[in-house]
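Take a look at the structure below.
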Amino acid sequence: MRTGTGRTGIKLYKGYTIVAAVLVMTTLSTLFSSVVMTTADAGAQSSTQAGTQAYSAVTPFRIADTRSSYHCGNVSPAGSLGPDATVTLTVVGASDCESTSGSVPSNATAVALNVTVTDTTAPGFLTLYPANVTKPTSSNLNWQAGETVPNMVVIKLSPTGTIDIYNGSDGTSDVVVDVEGYFMPASSTTGTGHYQPLPTPQRICDTRPASTTTPNNQCTDHPLQAGTSSQTLTVQVAGKAGLPVTGVSAVALNVTAINPSVFSYLTVYPASATRPTVSNLNFVAGETVPNRVIVGLGTNGSIDVYNFAGTVDVAIDVTGYFTDSTAQQTFGSLFEPISPQRICDTRPASVTGYTDQCTGHTLQAGTSSQTLTVQVAGEGGIPASASATPPTAVVLDVAVTDTTAPSYLTVYPSGATPPTASDLNWTAGVTRANLVVATLAPGGTLLVYNFSGSTDVVIDVVGYFTAAATTWTQVLPAVPISGVSPYNGTGDTSTMYAAMAYDANTNQVIFYGGINSSTDTFAWSGSSWSEVSSANTPPAGLYGASMVYDAANQTILFFGGTSVGYQSSPSNSTWVWDGTNWTEAAPTTSPSGGYGEGMAYDPAIGKVVLYTDYGNTWTWDGTNWTKLSPATSPGPICAEVMAYDPSTTSIILFGGYDNSASVPLSLSGCGGGYGNEEPSLDATWSFDGTTWSKLSPATSPPGRQNAAMAYDPNTSQLVLFGGNAGGTCSSVPCNPLNDTWTFNGNNWTQQSPQSVPPAGDGTNGMVWDGTALMMVGNQGSTWHYPTM
């Protein structure tokens, strides 16, 4: 945010960790407000496997109220909390104070509570922790005398289902506790509630007028005005910022209220649902306040934002999403709460009494210290990036103090392009905290950016997400149980090196070509193959052709390939599939024929991009091919893979084999097909619509050719599989591979799926089939990764 003011009601108590930010969890049936993710050291209590906890939402119900007029719940000792006092609250099995409609099950491992402190007589803080462990040095609620402050806390339960609540104050206070949901072991059959982090935070809504710093968007110039038709704003979320259109149950957002005119609050809830009687964000006039929110999606994948009083602008940034019941249990990431651990404090050691990786590194805008790199993986109880359960995202409490000017922080993965988003806003002289759910860079690091002035930053980790075990799932065996298949039997390779693409108009994958193939066109509807007829077809037996969906013209484009006989001249014909028939195009100019050439659709320029065997770049506009002249290029290569990466808004090219004149070829050019003697390449290139750039990822897959690669919108990553390493061999494929890699826009990471297709599968490519990544192997089987 560019502007912001705030209050001074948060204090960093000496030796205590501020946990004053909020994470809101919402489903279609209930909305969770003011959640703070925090746990205590499990001590002697039994632990669960890392990242095994899934969230279950409930209709909120009250289990404790210490006020004298209520005295509700199993609180020991009963009554208001005195100075420096601790009470024990039974959570598991606790009944609703107001009815008997809700309870926490015995197998719950952690619970989400809305905790409110009221009737406060002196400044103080609350600390909540499992009743069987030593009180941690953290705080969950902070207040000044006379304030009523709510916050939500996600906390591990003791083996007996109890928690302790400590009043860190010289005065007395009352506490009200409502259950909003709980964590329990994840389902073994579905992936409901699994988390999918985005590569970086993305702004999807800003109600302020468009300007040089506030791009035009769906919410432009739509402030929320109470008492008018603009009191509630509907915001489209699904399909925005790289989120899939379907399969999303909830999204993780940072919601910021900007320059409110009066004291008010915001409620965020699924669009068209009944507005709940809770608030997500409270503020006073002139205050800019952010809050972390996880909200379920309503009609058409959208949310509603309600403002109680006055006028306020709102900015919304999305950091990730949670899957719905259609997700496979091996899909996504699960949450693991840990003991709050401080991993970064930029204040001098003379102030804190300790040192860590950030000591003495105050963030000063306009200098080399404006951005701070923080190592997260491997610190404070978070697994290392090289561990068996590497973290994909982390839950942090980020606090600023010693602030000299109004400013904001942005937290994002190291190496990523700085996003237009904010995580924490403040004015000069305040101490402010907010919860951050951040995606980690491959090495497990984050960048923290300060917009203006100087500030010290304190970061505590309170939990992390780690990916569930992934797997390739064979959808159809080599010999189909029923229906038609592109293959005739086990081990049949008659259509190896075929081409396929997903037709978004008909929601089908179209498959054509391959060695010794006929002129059959096959369509995949999501569960089975069927043969479709066409008045015209590309030539029979074309293999190694390129094929992609042309979204601008809503057709499938098919180009090149070589015909039967490995030394045959490759084709330079261009064909178009309109959903019913093949038609040969007649462009005025055309690339030379090629084998295994990379082709991908670039939505940023609205054209198909083709990279040829001889190192030339062409674009297709629906009628003609146009040759480009980039200053640099990957050079003459064959059998590479290409796919568009929305996270970098560029096309990524990987691998292939060298087709330069200096390389002795055992066969005739790229028509050879197997790469005998040709060196396999392991370079990663990026094309932004104008320029090719060679990337330098920290890790990279081994060189390969004829692999499969596609973008997975569920994980916001490219997935690369198999192919062959090339070299001297006499088999087909040549030195096959069956490893799986993902690319997040910056680095490659090798995956360890529980099952994999046969080595070499992937020669027919990989596509997104509208539900999951889908690949047809060279041994006659159809696979999904990961299964949805």
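In this structure, N744 and P199 have side chains that are not in contact, with every pair of non-hydrogen atoms separated by 4.5 Å or more. Side-chain contact check for F558 versus T574: every heavy-atom pair is 4.5 Å or farther apart. The shortest distance between side-chain heavy atoms of V374 and C358 falls below 4.5 Å. Proximity of L372 to C344: side-chain heavy atoms (C-beta onward) are separated by under 4.5 Å at one or more points. L243 places a side-chain heavy atom less than 4.5 Å from the side chain of L198. Residues T417 and T200 have side chains not in contact (no heavy-atom distance under 4.5 Å, counting atoms from C-beta outward). Counting heavy atoms from C-beta on, the side chains of F451 and S422 never come closer than 4.5 Å. Under the 4.5 Å side-chain criterion, counting only non-hydrogen atoms from C-beta, V548 is not in contact with M642.
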Requested in this report: Using the ring pair (Phe, Tyr, Trp, His ring centres under 6.0 Å) rule, take F654 and W748 through it: C-alpha gap first, then chi angles, then the decisive distance, then the call.
Outcome: CA-CA 11 Å; F654 180 80; W748 291 98; 5.3 Å; yes

Query raised in the report: For V376 and Y464, what are the C-alpha separation, side-chain angles and deciding distance, and is it a side-chain contact (heavy atoms from CB on, under 4.5 Å)?
Result: CA-CA 10 Å; V376 179; Y464 64 94; over 6 Å; no

Report task. Please test N616 against W618 for side chain to side chain donor-acceptor pair (under 3.5 Å), starting from the C-alpha separation and ending with a verdict. Result -> CA-CA 7 Å; N616 298 318; W618 293 74; 5.6 Å; no

Report task. Test side chain to side chain donor-acceptor pair (under 3.5 Å) on T742 and Q751 and set out the steps. Result -> CA-CA 7 Å; T742 56; Q751 303 301 314; 2.9 Å; yes

Query - L409/N450 under side-chain contact (heavy atoms from CB on, under 4.5 Å): CA gap, chis, key distance, verdict - result: CA-CA 5 Å; L409 286 186; N450 171 40; 3.9 Å; yes

Query raised in the report: Run the side-chain contact (heavy atoms from CB on, under 4.5 Å) check on V719 and W741 step by step: do they pass?
Result: CA-CA 6 Å; V719 176; W741 293 77; over 6 Å; no

Requested in this report: With side-chain contact (heavy atoms from CB on, under 4.5 Å) as the test, would you mind laying out the steps for D712 and Q717 before giving the verdict?
Outcome: CA-CA 6 Å; D712 181 3; Q717 298 182 108; 5.6 Å; no

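For the pair N747 (side chain) and A698 (backbone), a donor-acceptor distance under 3.5 Å is present. Distance alone, capped at 3.5 Å, places no donor-acceptor pair between the D423 side chain and the V436 backbone. Remark: side-chain polar atoms of T410 are paired, donor with acceptor, to backbone N or O of A421 under 3.5 angstrom. With Y512 contributing its side chain and P538 its backbone, the two residues share a donor-acceptor pair below 3.5 Å. No donor-acceptor pair under 3.5 Å is formed between the side chain of Q196 and the backbone N or O of G320. At least one donor-acceptor pair under 3.5 Å links the side chain of S385 to the backbone N or O of P442. Q705 contributes no side-chain N or O that, together with a main-chain N or O of A707, makes up a donor-acceptor pair within less than 3.5 Å. Judged by distance alone, with hydrogens and angles left aside, the side-chain atoms of E597 form no donor-acceptor pair with the main-chain N or O of G560 at under 3.5 Å. In this structure, the side chain of Q202 does not engage the main chain of P419 through any donor-acceptor pair within 3.5 Å. Y601 places a side-chain N or O within donor-acceptor distance of the main-chain N or O of A552, the cut-off being under 3.5 Å.
The aromatic rings of F465 and F322 stand perpendicular to each other, their planes meeting at an angle above 60°, with 30° marking the opposite boundary. The aromatic rings of F687 and W692 lie tilted to each other, with the angle between the two planes from 30° to 60°.
Atom CG of residue L334 and atom OG1 of residue T466 lie 8.5 Å apart, to the nearest 0.5 angstrom. For the atom pair T555 OG1 and N505 CG, the distance stands at 9.0 Å (nearest 0.5 Å). Distance NZ/K627 to OG1/T619: 12.5 Å, rounded to 0.5 Å. For the atom pair CG (N724) and CZ (R704), the distance works out to 9.5 Å, reported to the nearest 0.5 Å. The structure places CD of E640 at 7.5 Å from OH of Y611, a figure rounded to the nearest 0.5 Å. A distance of 7.5 Å separates OH of Y657 from CG of D613, quoted to the nearest 0.5 Å.
Checked against the 6.0 Å centroid threshold, F721 and W472 count as a close aromatic pair.
Here the shortest heavy-atom pairing between M774 and T782 reads CE-CG2, 3.8 Å. Nearest heavy-atom pair across L446 and T439 is CD2-O, 3.1 Å. Looking at every heavy atom in both residues, S546 comes nearest to L610 through OG-CD1, 4.3 Å. In terms of heavy-atom proximity, A643 sits nearest to A710 at CB-CA, 4.2 Å. Here the shortest heavy-atom pairing between T420 and D317 reads O-OD1, 4.0 Å. In plain terms, the two heavy atoms of D688 and T691 that are nearest each other are OD1-N, 2.7 Å.
Judged by distance alone, the side chains of N706 and Y595 do bring a donor and an acceptor atom under 3.5 Å apart.
For W620, the ring-ring contact (aromatic ring centres under 6.0 Å, His included) partners two or more places apart in sequence, or in a different chain, are W625.
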